[in-house]
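What you are looking at is a predicted structure, and each value in this text was computed from that prediction instead of being measured. Worth knowing before you read on, the calculation uses all heavy atoms, side chains too, and leaves out hydrogens, waters and symmetry mates. So you know, we letter chains A, B, ... as the sequences are listed, proteins then strands, and number each from 1.
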Amino acid sequence: NAGVMQNPRHLVRRRGQEARLRCSPMKGHSHVYWYRQLPEEGLKFMVYLQKENIIDESGMPKERFSAEFPKEGPSILRIQQVVRGDSAAYFCASSPQTATNEKLFFGSGTQLSVL
Amino acid sequence: GDSVTQMEGPVTLSEEAFLTINCTYTATGYPSLFWYVQYPGEGLQLLLKATKADDKGSNKGFEATYRKETTSFHLEKGSVQVSDSAVYFCALISAGGTSYGKLTFGQGTILTVHP
């Protein structure tokens, strides 16, 4: 029974390149959340998606960042034209339904490094 | 807005020592409070939770009591083991806020336990 799978574990990009982070939720889960952890800070909520819908993107930067969760396949967090300040750990979590704070399962994260 | 503050780390202890990791919060009303743990190479896992004042959450020998008067949720364990070495995150969800997994996290505390 696989958990939340994130890949890659480590991603290195040069400034100006694009970064694509993938998250496969647990089997049977249809809700996905993305969090970002900047150095020396706590995890910060970015976006909440259900299949084919963005429910809450209040934590997403207004430019260069986008997220999707298609009907088939993993959720993708996309960062265009990366800058050094985007270097962080990006965590994905999934849940089977809403109102399940204790049923939130996290992946092990993608560490993005921007050179 | 809501915030969570954890004690500065890292924390280094010998096996069987007593552990306290301090956590204080700022939020309106009565939030739900959580401790998450991240073992090396893994995703965050829910360790324990408390949903109202004076509740005590407990799991795997860890305890934390929801103290409304001091807005605190300190994590304690009477006798730590090497296998407890991990990063510990305190988190909350606002009362009356979203019912889905939009958590506010502290910055995490690295715990290392030596034999």
Is it true that A:Tyr33 and B:Leu46 fall in one hydrophobic cluster, defined by side-chain heavy atoms closer than 4.5 Å?
yes

Only counting residues at least two apart or in another chain, list the ones meeting ring-ring contact (aromatic ring centres under 6.0 Å, His included) with A:Phe91.
none

Single-linkage hydrophobic cluster, 4.5 Å side-chain cutoff, A:Leu11 and A:Ile79 together:
yes

Do you know the tightest heavy-atom contact between A:Gln37 and B:Gln107?
NE2-O, 3.7 Å

Which atoms of A:Gln6 come close to chain B, meaning under 4.5 Å heavy atom to heavy atom: side chain ones, backbone ones, both, or neither?
neither

Whatever's closer than 4.5 Å to a heavy atom in chain A on B:Gln6 counts as neither

Which heavy atom of A:Ser108 sits nearest to which heavy atom of B:Gly41, and what is that distance?
CB-O, 3.7 Å

Rounding to 0.5 Å, atoms CZ (B:Phe34) and CG (A:Leu104) come to a distance of 9.0 Å

Connected via hydrophobic side-chain network under 4.5 Å: A:Tyr48 and A:Met60:
no

To the closest 0.5 Å, what do you measure between CG (B:Leu103) and CZ (A:Phe106)?
5.5 Å

Please determine whether residues B:Met7 and B:Val113 belong to a single hydrophobic cluster, defined as Ile, Leu, Val, Met, Phe, Trp and Tyr linked transitively by side-chain heavy-atom distances below 4.5 Å.
yes

For a quick test of reading the model, state the closest non-hydrogen atom pair linking A:Ser58 to B:Lys102 and the distance between them.
OG-NZ, 2.9 Å

Are A:Leu38 and A:Val114 co-members of a hydrophobic cluster defined by side-chain heavy atoms under 4.5 Å apart?
no

